[in-house]
Amino acid sequence: KITRGPKPVRALREIGLVTDMPADEPTTEGVIAALKRHDLTRRRVGVQLYPGNANERLLQFLKGAGAKADPVLPYVYASEADDARVMAVIAEMAAGEIDAIAFTSAPQVRRFRDVARAFGREAELRQGLERIVVAAVGPIVAAELNAIGVQVNVIPHDNTFFMKPLVRELAAAFTPGHKE
């Protein structure tokens, strides 16, 4: 059981299990680095994927290492029925009713973009994200935001890409005298 960050460690602990191999860092590269230390020839490896991210880099690494990957997709993000809620957040940002937003996964960023695009509200999304503080939990999420033209104002420092450091950095951004 290889884990990438604190959430899977907690999830395993809740069902009475422990991680066998923590990733060197909570990224695909960290998982690959940890796996490189093991002979994966003829091993079957379950790989948890996220919607819209086939993680070809990890799957190709496993194939090249002689393993057979068994991908699973347990996460399902907000359904079309929740489009109205996403649009409401976009409208509130654009209207100046929200001061900050924190993104914790690249699929969240794509969800906002896709809903705005589907409703012809991409300009409203851009306007909203330009007027508020935008936080990203780590470099992968920041890169996804940058790819759609969004400036990230807050990101945890020192490779601590978890929720607690993200919240601390976001709170600091609203502390008088804080400099970006």
Side-chain angles (χ1 to χ4, degrees), residues 3-14 19 22-34 48-53 55 57-58 74-79 82-180:
T3 53
R4 176 179 148 170
K7 286 182 187 178
V9 170
R10 277 194 303 272
L12 286 173
R13 194 176 311 132
E14 287 174 9
T19 187
D24 292 352
E25 58 182 74
T27 63
T28 297
E29 289 75 23
V31 170
I32 291 171
Q48 179 177 309
L49 300 176
Y50 292 92
N53 180 3
N55 204 334
R57 205 165 55 248
L58 178 58
Y75 287 103
V76 177
Y77 287 95
S79 68
D82 291 323
D83 286 354
R85 289 173 42 196
V86 174
M87 285 306 304
V89 171
I90 291 170
E92 289 170 2
M93 285 189 304
E97 297 170 8
I98 292 178
D99 295 321
I101 188 166
F103 289 94
T104 59
S105 73
Q108 288 175 327
V109 175
R110 290 190 294 272
R111 174 81 168 128
F112 266 77
R113 180 207 57 212
D114 293 346
V115 170
R117 185 177 292 159
F119 288 89
R121 302 297 250 314
E122 290 174 282
E124 190 175 359
L125 175 60
R126 267 192 306 282
Q127 176 189 8
L129 291 170
E130 286 172 0
R131 76 181 324 161
I132 67 173
V133 174
V134 177
V137 74
I140 293 170
V141 178
E144 193 75 30
L145 286 159
N146 293 154
I148 64 168
V150 176
Q151 163 128 13
V152 175
N153 309 104
V154 173
I155 189 167
H157 298 101
D158 303 322
N159 295 325
T160 54
F161 309 123
F162 304 111
M163 190 61 103
K164 197 177 283 187
L166 174 66
V167 171
R168 271 191 227 122
E169 292 289 334
L170 190 54
F174 287 92
T175 301
H178 173 77
K179 294 180 182 179
E180 283 186 28

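All values below were derived from every heavy atom in this structure, side-chain atoms included, with hydrogens, water molecules and symmetry-related copies excluded. Position 1 is the first residue of the sequence; numbering continues from there.
In plain terms, the two heavy atoms of A100 and L170 that are nearest each other are CB-CD1, 4.0 Å. Counting all heavy atoms, side chain and backbone alike, I90 lies closest to A116 at CD1-CB, 4.0 Å. Closest non-hydrogen pair, P165 versus P156, comes out as CB-CB, 3.9 Å. A142 and A136 get closest at one heavy-atom pair: N-CB, 3.7 Å. Taking all atoms of both residues into account, the shortest heavy-atom contact from N153 to I132 is OD1-O, 3.5 Å.
The distance from atom OG1 of T27 to atom CZ of R4, rounded to the nearest 0.5 Å, is 6.0 Å. Going from atom CD1 of I98 over to atom CD of E92 covers 4.5 Å, rounded to the nearest 0.5 Å. The structure places CG of L145 at 11.0 Å from CZ of R113, a figure rounded to the nearest 0.5 Å.
When atom types are taken as modelled, the side chain of Q108 and the backbone of S105 share a donor-acceptor pair closer than 3.5 angstrom. N55 contributes a side-chain N or O that, together with a main-chain N or O of L58, makes up a donor-acceptor pair within less than 3.5 Å.
The salt bridge (Lys or Arg N to Asp or Glu O under 4.0 Å) check on E29 picks up R57, with sequence neighbours excluded. Taking L12 as the reference, K1, T3, L17, T19 meet the side-chain contact (heavy atoms from CB on, under 4.5 Å) condition, with sequence neighbours excluded. For the salt bridge (Lys or Arg N to Asp or Glu O under 4.0 Å) test, residues two or more places apart in sequence or in another chain that qualify with D24 are R37. With sequence neighbours left out, the salt bridge (Lys or Arg N to Asp or Glu O under 4.0 Å) criterion links R168 to no other residue. Judged as a side-chain contact (heavy atoms from CB on, under 4.5 Å), and not counting sequence neighbours, A147 has no contacts. Remark: R13 pairs with no residue by the side chain to side chain donor-acceptor pair (under 3.5 Å) rule, at least two apart or across chains. Under the salt bridge (Lys or Arg N to Asp or Glu O under 4.0 Å) criterion, R117 pairs with E122, not counting sequence neighbours.
Residues E169 and I155 have side chains not in contact (no heavy-atom distance under 4.5 Å, counting atoms from C-beta outward). Inter-residue side-chain proximity for V137 and F103 is flagged as unmet; no heavy-atom pair is nearer than 4.5 Å. Using a 4.5 Å cut-off on side-chain heavy atoms (C-beta onward), F112 and I148 make no contact. The shortest distance between side-chain heavy atoms of T104 and V141 does not fall below 4.5 Å. Inter-residue side-chain proximity for D83 and R111 is flagged as met; some heavy-atom pair is nearer than 4.5 Å. At least one side-chain heavy atom of V152 sits less than 4.5 Å from a side-chain heavy atom of N146. Counting heavy atoms from C-beta on, the side chains of M87 and V115 come closer than 4.5 Å.
For residues 124-146, every residue pair satisfying the salt bridge (Lys or Arg N to Asp or Glu O under 4.0 Å) rule, not counting sequence neighbours, is listed here: R110-E144, R121-E124. The ring pair (Phe, Tyr, Trp, His ring centres under 6.0 Å) pairs that include a residue from residues 123-145 number zero, where partners must be two or more places apart or lie in different chains. Within the structure, no pair that satisfies the ring pair (Phe, Tyr, Trp, His ring centres under 6.0 Å) test touches residues 117-145, not counting sequence neighbours.
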